[in-house]
Every structure is written in structure tokens, then in C-alpha cells.
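To keep things clear, I will list the structure first and then write my remarks on it.
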Amino acid sequence: MSIDRRQFLKIAGFSTILGIGAATAVNSVRRDAAEASQVESGPDALKAKRWGFVIDMSKFKTDDDFKRVIHACHSIHNVPDFGEPKDEIKWIWKDAFERVFPEQENTYMTGEMKEKPFVVLCNHCAEPPCVRVCPTKATFKRKDGIVMMDMHRCIGCRFCMAACPYGSRSFNFRDPRGKDENGQPFIKEINPEFPTRTKGVVEKCTFCYERLAKGLKPACVEKSGGGIVFGDLEDPNSEVRQLIGKQYTIRRKPELGTQPSIYYIIGGSENA
Ligand code: SF4
Ligand code: SF4
């Protein structure tokens, strides 16, 4: 993909404001290998008008239930472990109810309820503010609703991180391909089928676009023991629509108008 003069000037302008070399920025754009957007879909590819998740929290009973899905995602996507909370890279993680649903908290809620852990990830918002602010279109929304990251286009300005109201994006302050002071690699075992990233780029969940292209469900869904259901929100017969239609579900910060595609069942399901 080439860039025209207008795009060049726009990117160079942003880069100057941000103190990033224009050449670096443009090289990033030129390199647009765009593994994010140009994965060939096979004949068995899973398709939808708008992908979404229903997460049934009654199925996440133990710490291992959380660890299993987090490990499944982070290991296949070469997510580095820098060992420092301030540098943490996370695509899917667990967080306390009071931070996941701050608007639902009330004075009389017990500490135990406030601390109840929830599974969180990018919401693949239908109206994603992160996409609107990205100067290089490194983050963009696909027709099927997946909010993608093209790491080659990211110039590290972190506008998207500031715009995301859910903290769903992480920045590589260090080189994820590097090692710690004891010589231990930040990525324990590299999956050669998924690209590693570099220092200075933003990353997040991409709904396992590379697995969907091969007809596979997202890794976290597979390992969730039925706790995460995946499907087409626009299909009234899909399992996600059946669940959302029959059960009380909530989404994160709906008042912001971002239209998250992740729905939570917090009161348990019929089958729990
Ligand atoms: S959760 Fe954040 S990063 Fe994900 S689509 Fe919404 S605004 Fe963008
Ligand atoms: S959909 Fe894929 S990339 Fe997103 S959290 Fe689940 S396993 Fe990770």
C-alpha cells in the first residue's frame, strides 16, 4: 500500500508535533506488511457481521479458570512478560468489579463484591474512540467489528491509549524480544506463527483474527470451559444473541456510547 502526498504531510505533521522523526513514521507506514489486515482467509474461515462475546462470570470460579484463558491468549500471541506491573502488556486479564464496572458500585456493597474478579479485554467497540484518534490508521475497525492493530503502522504516539476508556491497550516501553537482567527472555517461548512486536508500539486483543481466518475459535474461548461464548451479534439465531436475549447482561461503561461488543452475565446462567 502506498501513501499519497496528503497522507505523508499529515503523518509527518503529527510526527513533528509528537517529536517523532517523520522518516521513521513514514517508514513505519511504508512497511505496511499489515499482518493485521491482510491475513488470507481460508475456505473454512469463520465469518460474522459483527463479532461479539458473552462472558458468563459464573463459570470463572477459581484462579485457574482465569489463568487458563489468559495463558492461552498470551502464549500464542507472544505477549511479553516484563515482570514489572508498570510495564505490563496485557491482551486479556482479570480485574476487580469496582474497576471494571465503576458505575455499578454502591455504598452498601461488601468489600468482597467490590473485589470480585472479572475477565477483561478490548471491547471491540462499535464506535471505537481509539480508532478515531489514531493519526496513521494503525488501529482500525474491520467490517466484522474487530478493532485491529497494525503494529507496523504504529508510531507510538499513544493517542489510542489515551482515548480508550477501558485501559485495553498496552505500550511496549521495553523491547519485547529482549531479555531481563538474568538473561531470561521476556517471551518465554516464541510462537513462530505469530509476529513479535518491537519497543515503542501499542498492542491489544485482536479477537484472534488469525485463528478465525483458519476456521478456529479464539484461543480464550476454547479454553474457557463454556465461560466465554463467541458469535455473531447481528445473527438472531447465534448463541450469543440467544444468551443476550434471555439473560440479564451488562456491558462496560455503556453511558459513553462506545457500544462494546463484550457482554457479561454476572448473575449466573440457567446452566450454571
Ligand atoms: S475497548 Fe478501547 S481499545 Fe478496544 S475498541 Fe474500545 S476504545 Fe478501542
Ligand atoms: S479473542 Fe484472542 S486475542 Fe482476544 S483475548 Fe481472546 S485469545 Fe486473546
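Counting starts at 1 for both ligands and their atoms, following the listed order. Position 1 is the first residue of the sequence, and the numbers go up from there.
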Self-check item: For atom 5 (S) of ligand 2, the protein heavy atom that lies nearest, with its residue and separation
Solution: Ile92 CB, 3.6 Å
Quiz item: Counting N and O atoms only, with roles assigned by atom type, does the side chain of Arg252 sit under 3.5 Å from a partner on the main chain of Asn123, one being a donor and the other an acceptor?
Solution: no
Quiz item: What part of Cys220, side chain from CB on, backbone N/CA/C/O, both or neither, has a heavy atom under 4.0 Å from ligand 2?
Solution: both
Practice problem: Under 4.0 Å, heavy atoms only, figure out whether ligand 1 is touched by the backbone of Val147, its side chain, both or neither. | Solution: side chain
Quiz prompt | Sub-4.0 Å heavy-atom approach of Phe230 to ligand 2 | solution = no
Quiz item: Among protein heavy atoms, which sits nearest to atom 3 (S) of ligand 2, and what does the distance come to when rounded to 0.1 Å?
Solution: His77 CE1, 3.4 Å
Quiz item: Of the protein's non-hydrogen atoms, which lies at the shortest distance from atom 2 (Fe) of ligand 2, and what is that distance?
Solution: Cys208 SG, 2.3 Å
Quiz item: Hey, which atoms in ligand 2 end up nearer than 4.0 Å to a heavy atom of Pro218?
Solution: 1 (S)
Exercise. Provide the number and element of each atom of ligand 2 under 4.0 Å from a heavy atom of Phe53.
Key: 1 (S)
Quiz item: Is the count of non-hydrogen atoms from other residues, nucleotides or ligands lying under 6.0 Å from Glu239 atom CD greater than 12?
Solution: no
Practice problem: Identify which one of Val79, Asn78, Asp81 satisfies the side chain to side chain contact (heavy atoms under 4.5 Å, CB included) criterion when paired with Ile187. | Solution: Asn78
Quiz item: Do Asn172 side-chain atoms and Gly200 backbone N/O form a donor-acceptor pair below 3.5 Å?
Solution: no
Practice problem: Measure from NZ or CZ of Lys94 to the centre of the six-membered ring of Phe66, then state whether that distance is under 6.0 Å and the direction lies within 45° of the axis. | Solution: yes
Exercise. Could you list the atoms of ligand 2 found under 4.0 angstrom from a heavy atom of Leu121?
Key: 5 (S)
Exercise. Find out whether the Lys NZ or Arg CZ of Arg158 is both under 6.0 angstrom from the six-membered ring centre of Phe171 and within 45° of the ring's axis.
Key: yes
Quiz item: Do NZ/NE/NH1/NH2 and the carboxylate oxygens of Arg174 and Glu84 come within less than 4.0 Å?
Solution: no
Quiz item: Taking only heavy atoms of Thr206, which atoms of ligand 2 are found under 4.0 Å from at least one of them?
Solution: 3 (S)
Quiz item: Relative to the heavy atoms of Cys164, which atoms of ligand 1 are at a distance of less than 4.0 Å?
Solution: 1 (S), 2 (Fe), 3 (S), 7 (S)
Quiz item: Of all the non-hydrogen atoms in the protein, which one sits nearest to atom 4 (Fe) of ligand 2, and at what distance?
Solution: Cys205 SG, 2.3 Å
Self-check item: Over 12 non-hydrogen atoms of neighbours within 6.0 angstrom of NZ in Lys253
Solution: yes
Quiz item: How does Phe194 reach ligand 2, by side chain, by backbone, by both or by neither, if only non-hydrogen atoms under 4.0 Å count?
Solution: neither
Quiz prompt | 2.8 Å cut-off met by an N, O or S atom of Cys125 to atom 6 (Fe) of ligand 1 | solution = yes
Quiz item: Nearest to atom 1 (S) of ligand 2, what protein heavy atom do you find, and at what distance?
Solution: Phe207 CA, 3.4 Å
Practice problem: Examine distances only and state if a side-chain atom of Glu88 and a backbone atom of Gly83 form a donor-acceptor pair shorter than 3.5 Å. | Solution: no
Quiz item: Nearest to atom 8 (Fe) of ligand 2, what protein heavy atom do you find, and at what distance?
Solution: Cys73 SG, 2.3 Å
